[in-house]
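Right, one structure below, let's go through it.
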Amino acid sequence: MEDELKCPVCGAFYRDPIILPCSHNVCLPCARTILVQTPEAEPPSPHGRPPASASASDYDYLDLDKMSVYSEADSGYGSYTSFAPPIPSQKSPNGVRVFPPAPAPPPLRHSSLTCPQCHRSALLEERGLRGFARNRLLEAIIGRYQQSRAVAARCQLCERNPQEAAVMCEQCDVFYCEPCQRRCHPARGPLAKHRLLPPAQGRAAGKPTPRKHSTCAEHELENHSMYCANCKVPVCYQCLEEGKHSKHEVKALGAMWKQHKAQLSQALGGVSDKAKEAKEFLVHLKNMVQLIQENGVEFEACLVAQCDALVDALNRQKAKLLTRVTKEREFKLKVVRDQISHCTLKLRQTTGLIEYCLEVLKDNDTSGFLQISDALIKRVHVSQEQWVKGALEPKINPEFDLTLDNSPLLQTIHQLDFIQMKIPSAVPPVPILQLEKCCTHNNNATLAWKAPPLNQTQIEGYILELDDGNGGQFQEVYVGKETVCTVDGLQFNSAYNARVKAFNSAGVGPYSKTVVLQTSEVAWFTFDPNSAHPDILLSNDNLTITCNSYDDRVVLGSVALSKGIHYWELSIDRYDNHPDPAIGVARVNLLKDIMLGKDDKAWAMYVDNNRSWFMHSNSHTNRTEGGICKGTTIGVLLDLNKRNLSFYINNVQQGPVAFENLEGIFVPAVSINRNVQVTLYTGLEVPNHIKQAKSSLSYSPKSKTKY
């Protein structure tokens, strides 16, 4: 049925069909293309055949004349006898030769129309093609057929989820939805002349519309025959006759058609290559999706393993710390229990003695009492002396002297993140030490270095290493991006070897040359205001201290000592009401609101105006006569080579060696109250008379106390 509804000329569904006298149908636009002109002297027969009286030769002549019209070569031009000029012609899809309208016919000619199916000719009246009746019924049948068979057309310009088409441009042969039509095909300019059709009338069931012959918009009966290169629009013969494009460059329509098709084909070739590359790129992207998923799973597993390793390390360190806490607790409990046992034993002995003495006092036997009274009095005095000062004070502090500094670790955990950088092609070169900037001050060492000139390798950071000051193994003391580093807390009178190397993601570079740094022979330091008790008042550039409390308060020195022989002095600037200041060394985590030496973190000598004692863990030993007053100088000698501590008053050793077997790191320390003011003197060498006295002194075993 579909073939019955198509025009025999254009091969598409009938558009504005007209009924010919032979009862066949043809599109109105197609009728204009097959319209021909005949001389008035030779009107065609209404039935398309010669009259009955005509001879066979006339009939043959007419057939021959038709052959001359409908069988021209591929040049596209044909002739109709010698009376008509050459007229362009084209072939329809059904093989029928069609002719564009000829120029305005002369008055002596008639227009005729030949049916493309039965080849009968019909003479047009004065009304022309308007004299033929429109086949409204056929139009309605075609409309219903297209609606029943046509698939809903979609917009051809929507990039994603094409919407249903609203119109189709007959000239552009493109379906548009309403948004795309307003954006890409506005009804202005050259596009205003395009014909927009409903999608159902455009293409049936998605089949392409056959190429049609466009007619001039200003001359409906004229086909486009030329192309204006200046206006870039096709024109008809009538437009050229009217002189509208007289000064423009006009070219043959067919030549321009071939030229533009060649240009479009060439452009499409480039687009096709790009489309091929795009397809290959899409395949690559799809492969990348799979690769990303695989790499993501692998990276997640690696990340989980790294985090688990950190958690395991933290758990192991947690176990170590808990072990230390347990040992500290057991030690404190043992000391307290021992003190309880000792005190209980003494209390029993004292209580028994008291009860016995009370019973003796009740006895009225005078002679018997006098026989034992002297012995009882001595026993009571001995018992009283057993309860010496400090015997009724706890030997340890119930508080735990352990502090877990987890802030650096927490900060590191918070800063734990990924780094993104290119993997360098090579390890970094050897850094260059800047010897003119390397120096030492007291027990601090400053080192400076730089990357070699014209270095093109990426450097992520540096690693600085120092040995132990005795020529031992190197240890890392700094890792970072800076090129200047100061190392604090080194040992005095020591020579340190230092070296540096650079690193990046490719690895670690070679070491630089080794530089030797000599620390100060003697210790220069002051009192440390940051570690002092709040009641301590400092002055004289932190060399002089006093206190605003009647209780003893502790202040530490600004250096830590672990090696060598160190000597410093303190002068008594003010001494009122016979207080007993304490001088010595301590750990940095000692208690600062009690007298120095009462806990197990300090080793001190406390002295009043008459005598002195050595004290550690609240144990008082070696009472020695000789005290202090205003203007007295107290010297402290810490010999870490022999691991002992001695004290001097006015250049004379006070008692034996105070403490021996000292190990670890010590800080100078002093405890005073408001009745004392002292000034510190450091950077001193050991006086010669003290050296000589030390070499000549001999100590009895009873004078030695080990800690």
Side-chain angles (χ1 to χ4, degrees), residues 2-37 70 76 78 87-105 111-117 119 121-122 124-125 127-143 145-146 167-174 192-204 207-226 233-239 253-254 257:
E2 185 174 338
D3 295 337
E4 300 297 330
L5 302 179
K6 292 183 178 180
C7 174
V9 177
C10 64
F13 287 103
Y14 285 106
R15 292 177 300 165
D16 301 329
I18 59 176
I19 304 176
L20 300 179
C22 59
S23 300
H24 291 125
N25 297 279
V26 69
C27 298
L28 180 60
C30 295
R32 295 192 183 101
T33 62
I34 62 176
L35 188 67
V36 296
Q37 307 292 329
Y70 297 115
I87 302 174
S89 65
Q90 295 177 345
K91 285 185 178 181
S92 72
N94 295 336
V96 179
R97 180 70 64 177
V98 296
F99 294 86
S111 297
S112 63
L113 185 66
T114 302
C115 176
Q117 289 182 297
H119 304 293
S121 299
L124 271 64
E125 301 176 355
R127 295 178 60 190
L129 294 175
R130 298 185 182 88
F132 294 106
R134 292 278 298 274
N135 195 340
R136 305 291 183 181
L137 178 61
L138 182 58
E139 288 184 12
I141 294 174
I142 293 175
Y145 180 78
Q146 288 180 334
V167 294
M168 173 190 174
C169 178
E170 188 177 24
Q171 283 72 24
C172 300
D173 194 18
V174 176
K193 298 180 181 180
H194 289 198
R195 184 182 180 188
L196 300 178
L197 302 175
Q201 298 182 10
R203 290 188 292 178
K207 294 183 179 180
T209 305
R211 189 168 63 89
K212 45 193 174 295
H213 309 286
S214 59
T215 59
C216 182
E218 299 182 2
H219 308 90
E220 294 184 358
L221 299 179
E222 296 291 340
N223 288 341
H224 291 136
S225 59
M226 303 297 288
V233 293
V235 297
C236 67
Y237 178 76
Q238 188 67 26
C239 294
L253 188 65
W257 175 67

Query raised in the report: Does the side chain to side chain donor-acceptor pair (under 3.5 Å) test come out yes or no for T114 and S121, once each step is laid out?
Result: CA-CA 4 Å; T114 302; S121 299; 3.1 Å; yes
Can you list, pair by pair, the side-chain donor-acceptor contacts under 3.5 Å of residues 17-26, counting residues two or more places apart and other chains?
unit_1	atom_1	unit_2	atom_2	d
N25	OD1	N135	ND2	2.9

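- Nearest heavy atoms, F13 versus C27: O-SG, 4.2 Å.
- Side-chain contact check for F132 versus L124: some heavy-atom pair is nearer than 4.5 Å.
- Distance check: E4 CD to Y14 OH gives 8.0 Å after rounding to the nearest 0.5 Å.
- Between L197 atom CG and M168 atom CE the span is 7.0 Å, to the nearest 0.5 Å.
- Between the side chain of Q171 and the backbone N or O of R195, at least one donor-acceptor pair lies under 3.5 Å.
- Listed by chain and residue number, nothing satisfies the side chain to side chain donor-acceptor pair (under 3.5 Å) test with Q117 (two or more places apart in sequence, or in another chain).
- Summarising the geometry of L129 relative to L113, their closest heavy-atom pair is CD2-CD2, 4.2 Å, with the distance given to 0.1 Å.
- When the salt bridge (charged side-chain N to carboxylate O under 4.0 Å, His left out) test is applied to R134, the partners found at least two apart in sequence or on another chain are D16, E139.
- Residue P29 comes nearest to R15 through the heavy atom pair CD-O, 3.8 Å, listed as atom of the first residue, atom of the second, then distance.
- Side-chain atoms of M226 and P234, non-hydrogen and from C-beta on, never get closer than 4.5 Å to each other.
- Counting all heavy atoms, side chain and backbone alike, C7 lies closest to C10 at CB-SG, 3.6 Å.
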